[in-house]
K.L.:
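What follows is a structure written as structure tokens; I'll ask about it next.
Chain A is the first sequence line, chain B the second, and so forth, proteins listed ahead of strands; every chain is numbered from 1. We use all heavy atoms of the structure for the numbers below, so side chains are in, but hydrogens, waters and symmetry mates are not. Everything numeric here is computed off the predicted structure, so don't read it as measured data.
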There are 2 protein chains.
Amino acid sequence: MATPTTAADPQPLGLRERKKRRTRDALVDAAHRLFLCHGYGRTTVDEIASEVEVSQRTFFRYFANKEEVALAVLAGAEEAFLECLRARPAGENPLEAMRGAVREVWQSVDRGEGTGPAALELFELIESTPTLLAAHLRHTIQQEVEVARILAEREGLDPAVDLRPRLLAAVFGTVVRISHLSYAAAPATDSHSMDGMLALIERHFDQLGPALAGSWR
Amino acid sequence: MATPTTAADPQPLGLRERKKRRTRDALVDAAHRLFLCHGYGRTTVDEIASEVEVSQRTFFRYFANKEEVALAVLAGAEEAFLECLRARPAGENPLEAMRGAVREVWQSVDRGEGTGPAALELFELIESTPTLLAAHLRHTIQQEVEVARILAEREGLDPAVDLRPRLLAAVFGTVVRISHLSYAAAPATDSHSMDGMLALIERHFDQLGPALAGSWR
DNA sequence: AACATTATGTCAGCTACTGACATTCGACAA
DNA sequence: TTGTCGAATGTCAGTAGCTGACATAATGTT
């Protein structure tokens, strides 16, 4: 019965891995607190590190740079989106699949998994911090490349030849981003929920056709 | 006749302004040479400054950061695009106006004004340098906001209410960016000219409708 | 020629980030 | 338990981007 190493049934994580995950989470947490409180620029890496009682050098072993710790939770959500998209039924066309995946992700956020409630504040922080915005946009287009890859595979296309996947992924990303913006910009009136966000995205998608059409009058 | 200050007929620029412009141009030039030769990351600001025989501090009086000197010529092209767009006849619809403005800018580049031939190499440098790419994307969306403002004004719309200008500007920016990418990625075969670039953009725009349509098969 | 403005140089300092090496801590076996 | 190995961490020194403060030099103005 008694295996020498503690059994690996529920979580095959050793003590070591758990500890690493703990300090990583603690760093992200402390960083967010400090960023939201004092601002990104006025928070030094040393402060974040000493908050978790870790050396600065260790911080940079977990995160390549200061931006990464700020965008960490977003990176998680992006990864979740990719997994949802890959798991969408093959019968759906590209647009349906992406809408479905976005819905899934926001609903899981709504249930409090992962990022939690600070998502909105985080968006504002990013938008108002040039460095963060730049890094975030770079991540976004990387995400779009991956999304295009998935879409092309679903449809059996070669992404080097057919540019529709890349194009659709980019347009979709744009719609989501603008939705985020007008969501955050809107006075915190009604429907500040995930349903509100999804409705916004749908609405913007509906405006896409008219926007591309010739005249607007 | 003899005005004390030299007359301001052809160029109202004083000696001071000319000198400033000269050193600024020299800095951009030296920076580009060094970046393309040794890479962005391996070029220090001190090297750029001493190349022009200027102190590092002076460099930072001309450019807020190292990225800015790399993206300077692009910023010029973006400004030119805005001016062209503002000058388009009011009869054109938004899409026509933007296509026309893009055509004008590329044609002026073709005539050797401003950026010149190094445009392609610069794009590759930006795409392959994470920091530069991030900064460039940030500039791009700022540009899109301004474009949306112009479009809204042309059509007499309130950009806070109607999101079509913002949406169209973003989609247009995306199409142009992807066109640049596939232009640079293509083997330097035929039509590596401004006409080729414009044709690419047109082609991608034609694919936009199909890409947004339901199924691709 | 004298003065006001403005660009530049110098210096000191902060912060992000990295390489190298020593140390400590968790994993695993005897 | 003990000992050994590898991984995580700490410490230290150093580079580079960037800024404020002040002195100096160049330019424009009267």
K.L.:
In Å and rounded to the nearest 0.5 Å, what is the CG to CZ distance from B:Leu151 to B:Arg86?
P.N.:
11.5 Å
K.L.:
List in numerical order all residues of residues 129-142 of chain A for which some heavy atom is under 4.0 Å away from an atom belonging to DNA chain C.
P.N.:
none
K.L.:
When the distance from CZ of A:Arg22 to P of C:dG26 is rounded to whole Å, what number comes out?
P.N.:
11 Å
K.L.:
Would you indicate whether the side-chain heavy atoms of B:Ile150 and B:Glu146 approach each other to under 4.5 Å?
P.N.:
yes
K.L.:
So which heavy atom on B:Glu67 is nearest to which on B:Ala135, and how close?
P.N.:
OE1-CB, 3.7 Å
K.L.:
Below 4.0 angstrom, which residues in residues 45-63 of chain B have at least one non-hydrogen atom near DNA chain D?
P.N.:
B:Val45, B:Gln56, B:Arg57, B:Phe60, B:Arg61
K.L.:
Among residues 25-44 of chain A, which residues get a heavy atom nearer than 4.0 Å to DNA chain C?
P.N.:
A:Thr43, A:Thr44
K.L.:
Taking B:Ser50 for the side chain and B:Glu53 for the main chain, is one N or O donor matched with an acceptor at less than 3.5 Å?
P.N.:
no
K.L.:
Within a 6.0 Å radius of atom CD on A:Glu153, are there more than 12 heavy atoms belonging to other residues, nucleotides or ligands?
P.N.:
no
K.L.:
When only distance counts, do a donor and an acceptor, one from the side chain of A:Arg16 and one from the base of C:dA27, lie under 3.5 Å apart?
P.N.:
no
K.L.:
When the distance from NZ of A:Lys20 to P of C:dG26 is rounded to whole Å, what number comes out?
P.N.:
13 Å
K.L.:
Take the protein atom NZ of B:Lys66 and the nucleotide atom P of D:dT19, then report the distance between them rounded to whole Å.
P.N.:
14 Å
K.L.:
Would you call the rings of B:His180 and B:Phe123 parallel, tilted or perpendicular, where under 30° means parallel and over 60° means perpendicular?
P.N.:
tilted
K.L.:
If you define the side chain from C-beta out and look only at heavy atoms, does anything of A:Gln207 sit under 4.5 Å from B:Leu167?
P.N.:
yes
K.L.:
Given D:dA26, is OP1 or OP2 found less than 4.0 Å from the side-chain N or O atoms of B:Lys19?
P.N.:
no
K.L.:
Would you indicate whether the side-chain heavy atoms of A:Val175 and B:Val171 approach each other to under 4.5 Å?
P.N.:
no
K.L.:
Roughly how bent is the helix from C:dA1-D:dT30 to C:dC25-D:dG6 end to end, in steps of 10 degrees, with each end axis from five pairs?
P.N.:
10°
K.L.:
Taking distance alone, no hydrogens or angles, what donor-acceptor pairs closer than 3.5 Å link side-chain atoms of residues 196-205 of chain A to residues at least two apart or in another chain?
P.N.:
residue, atom, partner, partner atom, Å
A:Glu202, OE1, A:Arg99, NH1, 2.6
A:His204, ND1, A:Ser179, OG, 2.8

K.L.:
Any side-chain heavy-atom pair from B:Pro130 and A:Arg138 closer than 4.5 angstrom?
P.N.:
yes
K.L.:
Check this for me: does any side-chain nitrogen of one of B:Glu127 and B:Arg177 sit under 4.0 Å from a carboxylate oxygen of the other?
P.N.:
yes
K.L.:
So which atom in B:Ala169 and which in B:Ala148 form the shortest heavy-atom distance, rounded to 0.1 Å?
P.N.:
CB-N, 4.0 Å
K.L.:
So which pairs with a foot in residues 19-33 of chain B pass side chain to side chain donor-acceptor pair (under 3.5 Å), sequence neighbours left out?
P.N.:
B:Thr23-B:Tyr62, B:Arg33-B:Glu51
K.L.:
What is the distance from CZ of B:Arg21 to C1' of C:dT6, rounded to the nearest Å?
P.N.:
18 Å
